[in-house]
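First comes the structure, then the notes that go with it.
Starting from 1, each residue takes its place in the sequence as its number.
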Amino acid sequence: MSVTVRATTLDGVKLIEPPTRFEDFRGEYVETYNEDLYRAAGITETFIQDDISVSHRHVLRGIHGDDSTAKLVSCLAGRFYLVVVNWNPDSPQYRQWESFTLSDRNRLQVLIPPRFGNGHVVLSDTAIFHYKQTTSYDRGRQFTVLWNDPTVAIDWPVPAPILSRRDRGLA
Ligand SMILES: Cc1cn([C@H]2C[C@H](O)[C@@H](COP(=O)(O)OP(=O)(O)O[C@H]3O[C@H](C)C(=O)[C@H](O)[C@H]3O)O2)c(=O)[nH]c1=O
């Protein structure tokens with residue numbers, strides 16, 4: 001059993017395949033995190049909080065991040081289009097983004113370092129967005145990048161997503 005870790009176009013952002021997926025007549029079993037195996041694969045972050053959000057089709061959450069939190073994102077159910085944006089003005093990749101489609105079929109995960117924003121739009125009836133994070137939640141520390149920020153110019157598969165007031169730039 002080993003974790004498969006691939007680099008992406010964004011320095012520090014990694015695409016991960018979990019170590020185990022067992023299917024039988026009852027369904028499926030997946031180890032979504034295993035400290036020993038992930039550390040051996042170079043995922044050395046210490047996660048101290050787990051979160052889920054459950055969203056309906058075409059809900060878009062984000063783009064949010066902060067300067068100190070790393071996240072390991074998974075899709076527990078359904079399918080969503082995840083965007084990660086470099087939000088470090090000192091980086092040569094500042095404002096560059098990449099997208100990933102995570103689902104309960106491909107079981108792919110994405111490791112997002114600090115100083116990156118992430119947002120996702122749901123492509124199934126419902127989706128469960130899960131992440132492990134390396135800090136405790138602190139709303140005051142977060143930044144928001146508007147999903148349609150013209151200086152980032154993200155190509156979303158949903159032209160008119162369902163957004164919170166914050167994600168519409170109203171809060
Ligand atoms: C993030 C978070 C939120 N909450 C509470 C605060 C609110 O009462 C409620 C909803 O929070 P919010 O509207 O900020 O949730 P999202 O808009 O989905 O934001 C999150 O989703 C984007 C895509 C992220 O990756 C961020 O971690 C996070 O900002 O949950 C908590 O109690 N703990 C938490 O860690």
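Of all the heavy atoms in D104 and C75, the pair that sits closest is N-SG, 4.0 Å. Between S124 and G78, the shortest heavy-atom contact is OG-CA, 3.3 Å. Heavy atoms only, all atoms of each residue included: S103 and N106 are closest at OG-N, 2.9 Å. Considering every non-hydrogen atom in both Q49 and Y137, the closest pair reads OE1-N, 3.2 Å. When all heavy atoms of L123 and R57 are compared, the closest pair comes out as O-NH1, 2.9 Å. Here the closest heavy-atom approach between residue Y81 and residue T101 is recorded as CD1-OG1, 3.9 Å.
In the hydrophobic clustering of ILVMFWY residues, with side-chain heavy atoms under 4.5 Å counting as a link, L111 and L37 come out together. I52 and V73 end up in different hydrophobic clusters when Ile, Leu, Val, Met, Phe, Trp and Tyr side chains are linked at under 4.5 Å. Residues L108 and L10 share a hydrophobic cluster, clusters being chains of Ile/Leu/Val/Met/Phe/Trp/Tyr side chains in contact below 4.5 Å. L76 and Y29 end up in different hydrophobic clusters when Ile, Leu, Val, Met, Phe, Trp and Tyr side chains are linked at under 4.5 Å.
No side-chain donor-acceptor contact under 3.5 Å links S74 to the backbone of Q109. A donor-acceptor pair under 3.5 Å is formed between the side chain of T8 and the backbone N or O of V13. Without hydrogens or angle criteria, N118 side chain to V84 main chain gives no donor-acceptor distance under 3.5 Å. When atom types are taken as modelled, the side chain of W147 and the backbone of L60 share no donor-acceptor pair closer than 3.5 angstrom.
Sorted by first and then second residue, the salt bridge (charged side-chain N to carboxylate O under 4.0 Å, His left out) pairs involving residues 61-72 (not counting sequence neighbours) are D66-R141, D67-R115. Residue pairs satisfying the ring pair (Phe, Tyr, Trp, His ring centres under 6.0 Å) criterion with at least one member in residues 104-129, sequence neighbours excluded, are listed as follows: F80-H120, F80-F129, H120-F129, F129-Y131.
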request  = List the steps, then state whether side chain to side chain contact (heavy atoms under 4.5 Å, CB included) holds for L72 with F47.
outcome  = CA-CA 9 Å; L72 178 62; F47 300 103; 3.8 Å; yes
Derivation and outcome, side chain to side chain contact (heavy atoms under 4.5 Å, CB included), residues R95 and D149 = CA-CA 10 Å; R95 297 180 187 272; D149 182 329; 4.0 Å; yes
task = Go through K14 and I43 one step at a time and tell me if the side chain to side chain contact (heavy atoms under 4.5 Å, CB included) criterion holds.
result = CA-CA 9 Å; K14 299 173 183 172; I43 310 297; 3.8 Å; yes
task = Please lay out, stage by stage, how Y38 and I16 fare under the test side chain to side chain contact (heavy atoms under 4.5 Å, CB included).
result = CA-CA 10 Å; Y38 277 64; I16 299 163; 4.0 Å; yes
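Side-chain contact between T20 and N34 is absent, with no heavy-atom pair separated by less than 4.5 Å. Two residues are said to be in side-chain contact when any heavy atoms from C-beta on lie closer than 4.5 Å; R166 and T144 meet this criterion. Contact annotation: the side chain of S99 never approaches that of D155 to less than 4.5 Å [non-hydrogen atoms, C-beta and beyond]. Inter-residue side-chain proximity for V122 and H56 is flagged as unmet; no heavy-atom pair is nearer than 4.5 Å. Two residues are said to be in side-chain contact when any heavy atoms from C-beta on lie closer than 4.5 Å; N86 and E98 fail this criterion. Using a 4.5 Å cut-off on side-chain heavy atoms (C-beta onward), L15 and V110 make contact. S136 is listed as a side-chain neighbour of I48, based on a closest heavy-atom distance under 4.5 Å. N148 places none of its side-chain heavy atoms less than 4.5 Å from the side chain of W156.
The distance from atom CG of D125 to atom NE2 of H58, rounded to the nearest 0.5 Å, is 9.5 Å.
Residue H130 forms a side chain to side chain donor-acceptor pair (under 3.5 Å) with just one option from D51, T32, D50, and that option is D50.
At a cut-off of 3.5 Å, with distance as the only test, no side-chain donor of T134 or E45 sits close to an acceptor on the other residue.
Partners of E28 according to the side-chain contact (heavy atoms from CB on, under 4.5 Å) rule, which considers only residues two or more places apart in sequence or in another chain, are R21, E23, V30, R105, R107.
For CZ of R26, the number of neighbouring non-hydrogen atoms (other residues, nucleotides, ligands) closer than 6.0 Å is 12 at most.
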